[in-house]
Q: 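Quick one: the structure is below, questions incoming.
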2 protein chains.
Amino acid sequence: MSEPLNLASVNVSVTPEEKFQEFLGTKGMRLTHERSLIVEEVFADHSHFDAEELVDRLKKRNVSRATVYRTLNCLEEAGLLRKVARTNDRDVYEHDYGYPQHDHLICGKCGSLTEFHSEGLAELLSSVSSKHGFLMEGHRLEVYGTCSSCAKPPKRQFRKLDMI
Amino acid sequence: MSEPLNLASVNVSVTPEEKFQEFLGTKGMRLTHERSLIVEEVFADHSHFDAEELVDRLKKRNVSRATVYRTLNCLEEAGLLRKVARTNDRDVYEHDYGYPQHDHLICGKCGSLTEFHSEGLAELLSSVSSKHGFLMEGHRLEVYGTCSSCAKPPKRQFRKLDMI
DNA sequence: TTGATTGCAAACGCTTTGCAACCGT
DNA sequence: ACGGTTGCAAAGCGTTTGCAATCAA
């Protein structure tokens, strides 16, 4: 059902919580206090995280591990989150709503994820897909290597050539 | 450092087993009967598989689950196999030796993997990487969607309009 | 003999699930 | 009261590991 306009929170975009509520509605599910806390915690900042990190953060708010896992699956199905990688045998999530399409450079040394966007990639993929009669719905691209920080020589260390 | 040329093993092709043995040697490990059976089974054909499938096939040959898992890790480290995707919470392997670089279209309906190769992709990725000072070592690209077979109408099923 | 390797079973880590208690409407 | 929801603990599942027995150089 459409709510009366709430200009304070609408204006341009629909908040993640609102979008989630809409999704839950179509499934005969409710936006409970716990789910609300989870959404709040997840969208507090735009960073990558895994389930266990979230579980930790929400333990303090008295939300159980089971509920966090269950809700993560809902958020993914609702299109608010997506899995972007796998690190240490854990799925890594990121926002998939109100955030532009991008992929990641994954550093094998420090594990950091660097986001990038490439115009050409989307075209390339849809071209390849249509060539195979494949109906593309999405993709996941992980580029492995070493990030610029880790590639630099360790900081605060004299290089022999400088010592003469 | 550059080794003296070994014409016998360069030029033409070294079998996977030979390459594995070479790798094992550098690690002070041996090419045992079990490992040999595993390599044979893995490279019998060029198809994608997961650990459990291999375990099944090798159970008949009296190789234990533990040894299969241990050897898969070795083969990956040796550069003979690589993980290309994850299906049903299982890592999917494919040959990474004597086979050209490619990526996959993954059907969400039947789970099939379709290989494709794109010239443009490699250039695009190295361009993006250098732009971020990232030293690319490899990548993994999975395109999700529906394969051409699954996209077609189900076979052998009457459509109501045909029945008049 | 020595050290690598194997099979077994138990352990592991992440995730899911059965179930009884518990809301919210 | 009626469903959906929660927390708990147990189960699941793929994968790893400790260990004693075994094997090969």
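In the text below, chain A, chain B and the rest are named by the order of the sequence lines, each starting its count at 1. These figures come from a predicted structure and were not determined experimentally.
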Q: Roughly how many Å is it from CG in B:Leu31 to P in D:dA25, rounded to a whole number?
A: 11 Å
Q: On the nucleotide D:dG4, are OP1 or OP2 found under 4.0 Å from the side-chain N or O atoms that A:Thr32 carries?
A: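 Negative; the distance criterion is not met.
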Q: Closest-nucleotide mapping onto DNA chain D: is A:Gly28 or A:Asn62 further toward the 5' terminus? I mean the 5' end.
A: A:Gly28
Q: Of the nucleotides C:dG7, C:dT5, D:dG7, which has the atom closest to the B:Thr67 side chain?
A: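 So the nucleotide nearest the side chain must be C:dG7.
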Q: Not counting sequence neighbours, which residues clear salt bridge (charged side-chain N to carboxylate O under 4.0 Å, His left out) with A:Arg61? List them please.
A: A:Glu40, A:Glu41
Q: For a quick test of your reading: what N or O donor-acceptor pairs under 3.5 Å do the side chains of residues 118-125 of chain A make, sequence neighbours left out?
A:
residue, atom, partner, partner atom, Å
A:Ser118, OG, A:Gly120, N, 3.4
A:Ser118, OG, A:Leu121, N, 3.3
A:Glu119, OE2, A:His117, NE2, 3.4

Q: Expressed in angstrom and rounded to an integer, what is the separation of A:Lys59 atom NZ from D:dG7 atom C1'?
A: 13 Å
Q: Can you name the residues that form a salt bridge (charged side-chain N to carboxylate O under 4.0 Å, His left out) with B:Lys27, not counting sequence neighbours?
A: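 For B:Lys27, the residues satisfying salt bridge (charged side-chain N to carboxylate O under 4.0 Å, His left out) (neighbours in sequence not counted) are B:Glu77.
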Q: Which letters describe nucleotides 10-24 of chain D, given B = protein heavy atom under 4.0 Å from base, S = only from sugar-phosphate, - = neither?
A: ----SBBBB------
Q: Atom CZ of B:Arg61 and atom P of C:dT6: how far apart are they, to the nearest Å?
A: 15 Å
Q: Strictly below 4.0 Å, N to O, side chains only: are A:Lys19 and A:Glu17 in salt-bridge contact?
A: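 Looking at A:Glu17 together with A:Lys19, the answer is no, because their closest N to O distance does not fall below 4.0 Å.
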Q: Sequence neighbours excluded, which residues qualify as ring-ring contact (aromatic ring centres under 6.0 Å, His included) partners of A:His102?
A: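 ring-ring contact (aromatic ring centres under 6.0 Å, His included) list for A:His102, sorted by chain: A:Tyr99, A:His104.
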Q: Nearest whole angstrom, please: distance from the P of C:dT25 to the CE of A:Met29.
A: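 Value for this atom pair: 15 Å.
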Q: Taking atom C1' of D:dG7 as reference, at what distance in whole Å does atom CG of A:Leu37 sit?
A: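 Nearest whole value for this atom pair: 15 Å.
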Q: Among residues two or more places apart or on two chains, list those pairs meeting ring pair (Phe, Tyr, Trp, His ring centres under 6.0 Å) that have a residue in residues 56-93 of chain B.
A: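 Passing the test, one end in residues 56-93 of chain B: B:Phe49-B:Tyr93.
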Q: Rounded to the nearest angstrom, tell me the gap between atom CG in A:Leu54 and atom C1' in C:dT15.
A: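 In whole Å, C:dT15 C1' lies 14 Å from A:Leu54 CG.
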